[in-house]
Colleague: 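My questions will all concern the structure given below.
Owing to the predicted nature of the structure, the values given are computational and were not obtained by experimental measurement.
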Amino acid sequence: MKKGQIIEGTVKRVDFPNKGIVETEEGVCVVKNALPGQRVQCAVNKVRHGKAEGRLLHVVAPSPIEGASPCPHFGICGSCTYLTLPYEEQLKMKEAQVKKLLNSVLCKPVNAEEKKQDENVSGTGGYRFEGIKPSPVCYGYRNKMEFSFGDEIKDGPLALGMHKRGSFYDIVSVTDCRIVDEDYRKILSCVLSYFDRLQKQGVDISFYHRLRHVGYLRHLLVRKAAKTGEILVALVTTTQIPFSRDSEDEVLSGLQDELCALSLDGEIVGFLHTRNDAVADVVQSDETRVLYGRDYFYEELLGLKFKISQFSFFQTNSLGAEVLYETAREYIGGYIGKKGQVVYDLYSGTGTIAQLMAPVAKKVIGVEIVEEAVEAARNNAELNGLHNCEFIAGDVLKVLDGIEEKPDVIILDPPRDGIHPKALDKIIRYGVEHILYISCKPTSLVRDLEVFLERGYEVERAVAVDMFPWTSGVETIVLLSKLNVEHYIEVK
């Protein structure tokens, strides 16, 4: 194969995250956004060390397992990847992806009789891979969406939604998005219609151009709690006000009135105006004003209540998060409850896991680099009457040296890129008997697992949890045990 060559072949499988392995007459080529069993045409972008990577040009023939997409934006919007696959097939694919990655570092030969008795037993110490747990809901599961203003084609009408697949500048108005519920669609349509109407009335109000760095409208942030139904809406703009401040207040007041007049299943409890002049295309706040209600909402998980602000980290699938955290508690809770132990919850976010472990622990110490998340964790622990939780703001690598109380158990839930090697070394040197690792990127997980294995740990159990239906994302939970320790005894 040569760069620029057009080739055709069949997608044998899809490796994590969305790498279609295409078998052609010329050889194997890796192509993103393809589905298993499809016959595709692609252009070779790169050939290195005998491996080729290509760009999907056209689906010549659909996969035998494909069906119709429930979303009219599929294939144009860059968000979802697997909407034409039945959910059961998607789960099988993600399960196979995670198991393949784990086995690449954990799998050693087992005797035939053991393999015959349990096909999931494999790897160092006979680790048990427990498959994948589905999301309780497949559609309308997201509790947070960041929509962008722009245009679908250059100099076209105003759009509000997601980036077009393969494009940094073009935006698709996802008014019929299926991974959010009807309230999101109504709010998006209301905001888009409002500003489109103003433009047609001659009001000079444009979106922020990502290339020229000029314009006013940037993003619409919507968050909704699955359990309480409370909704937080934030309009994100630049300070490049195309009219007077008084006129801006009038425009925002008009939008507020239209939002509050919507007939929704949930309830808008806060409407915010956030100013952001960052050059990068990120949703952040230089200044935030509360135009209506409050700047937070409440969500409930597994009997606990959480106060969530505009930028608080919280799992984007509330019902899926209950599956994830309930599984985490089942994996590690018995070890914590044996003696009432000190638990480190590293990369703790808003302290969700810490608070779930607190009832059976002597003390839980959470470490998180985002100060706002730490403050939210403290408030949430107080809200739930949990007084044995301590949350520290700072980088795990630096903070660990200053904590006097040593851990008995460690829980890790790092960012997508995994754990910094120096931080990983400090974590391992504590020598705790049990470590729970929760990962949203299995390729980073297996890289870190190699270090754990080299330093005297083994994997007992592992399971995947589908938190992001129709996308390539998947969570993985792994229980690590230090070799030659007393076997786990569940505490009832």
Colleague: Go through N276 and Y208 one step at a time and tell me if the side chain to side chain donor-acceptor pair (under 3.5 Å) criterion holds.
Modeller: CA-CA 11 Å; N276 171 23; Y208 179 75; over 6 Å; no
Colleague: Does the pair E375/R378 count as a salt bridge with the N-to-O cut at 4.0 Å?
Modeller: yes
Colleague: Does the S104 side chain pair with the main chain of L101, one donor and one acceptor, at a distance under 3.5 Å?
Modeller: yes
Colleague: Are any of the side-chain heavy atoms of D466 and Y87 separated by less than 4.5 Å?
Modeller: yes
Colleague: Check the side chains of Y169 and H163 for a donor-acceptor pair under 3.5 angstrom, ignoring hydrogens and angles.
Modeller: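 Checked: H163/Y169 side chains show no N/O donor-acceptor pair below 3.5 Å.
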Colleague: Is there a donor-acceptor contact under 3.5 Å linking the side chains of Q315 and T352?
Modeller: no
Colleague: Residues two or more places apart in sequence or in another chain: which of them pass salt bridge (Lys or Arg N to Asp or Glu O under 4.0 Å) with K422?
Modeller: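 K422 satisfies salt bridge (Lys or Arg N to Asp or Glu O under 4.0 Å) with no other residue.
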Colleague: Run the side chain to side chain donor-acceptor pair (under 3.5 Å) test against H209 and tell me which residues pass, sequence neighbours left out.
Modeller: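 Listed in chain order: R212.
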Colleague: Sub-3.5 Å donor-acceptor pair from the side chain of T316 to the main-chain atoms of R142, do we have one?
Modeller: no
Colleague: Starting from the C-alpha separation in whole Å, work towards a yes-or-no answer on ring pair (Phe, Tyr, Trp, His ring centres under 6.0 Å) for Y292 and F271.
Modeller: CA-CA 5 Å; Y292 166 78; F271 176 46; 8.0 Å; no
Colleague: Quiz question: by atom type and distance under 3.5 Å, do the side chains of S285 and Q310 form a donor-acceptor pair?
Modeller: no
Colleague: Among pairs that include at least one residue of residues 219-233, which meet side-chain hydrogen bond (donor to acceptor under 3.5 Å, both in side chains), considering only residues two or more places apart or in two chains?
Modeller: D181-K224, D183-K224, H219-D281, K227-E322, E230-R294
Colleague: Does any non-hydrogen side-chain atom of R329 lie less than 4.5 Å from one of M357?
Modeller: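 Side chain of M357 against side chain of R329, heavy atoms only: contact under 4.5 Å found.
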Colleague: Is a side-chain N or O of H434 found less than 3.5 angstrom from the main chain of L479, in a donor-acceptor match?
Modeller: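 Between the backbone of L479 and the side chain of H434 there is no qualifying donor-acceptor contact (under 3.5 Å).
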Colleague: Would you please test E299 and S318 for side chain to side chain donor-acceptor pair (under 3.5 Å) and show each step?
Modeller: CA-CA 8 Å; E299 177 63 294; S318 296; 2.7 Å; yes
Colleague: According to side chain to side chain donor-acceptor pair (under 3.5 Å), who are the partners of K426, at least two apart in sequence or on a separate chain?
Modeller: D401
Colleague: I'd like to know if the side chain of T84 pairs up with that of S69 as donor and acceptor (distance under 3.5 Å, no hydrogens or angles considered).
Modeller: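 Judged by distance alone, the side chains do not pair up.
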Colleague: Ignoring hydrogens and geometry beyond distance, is a side-chain donor-acceptor pair present between N18 and T81 at under 3.5 Å?
Modeller: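 Checked: N18/T81 side chains show no N/O donor-acceptor pair below 3.5 Å.
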Colleague: Verify whether one side chain among S135 and N317 offers a donor that lies under 3.5 Å from an acceptor in the other.
Modeller: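 Side chains of S135 and N317: pair found under 3.5 Å.
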Colleague: Kindly check if the number of other-residue, nucleotide or ligand heavy atoms within 6.0 Å of CD (E146) is above 12?
Modeller: yes
Colleague: Just distance, no hydrogens or angles: give the donor-acceptor pairs under 3.5 Å from side chains in residues 361-371, sequence neighbours left out.
Modeller:
unit_1 : atom_1 : unit_2 : atom_2 : d
K363   : NZ     : E390   : OE1    : 2.9
K363   : NZ     : E405   : OE1    : 2.7
E368   : OE1    : G349   : N      : 2.8
E368   : OE2    : V370   : N      : 3.1

Colleague: Any side-chain heavy atom of R461 sitting closer than 4.5 Å to one from E330?
Modeller: yes
Colleague: Take L400 and V396 through the test side-chain contact (heavy atoms from CB on, under 4.5 Å) and record every step on the way to the result.
Modeller: CA-CA 6 Å; L400 288 180; V396 167; 3.8 Å; yes
Colleague: Per the salt bridge (charged side-chain N to carboxylate O under 4.0 Å, His left out) rule, what does the pair list look like for residues 267-279, sequence neighbours excluded?
Modeller: E248-R275, R275-E287
Colleague: Over 60° means perpendicular and under 30° means parallel, so classify the ring planes of Y344 and Y430, tilted if in between.
Modeller: perpendicular
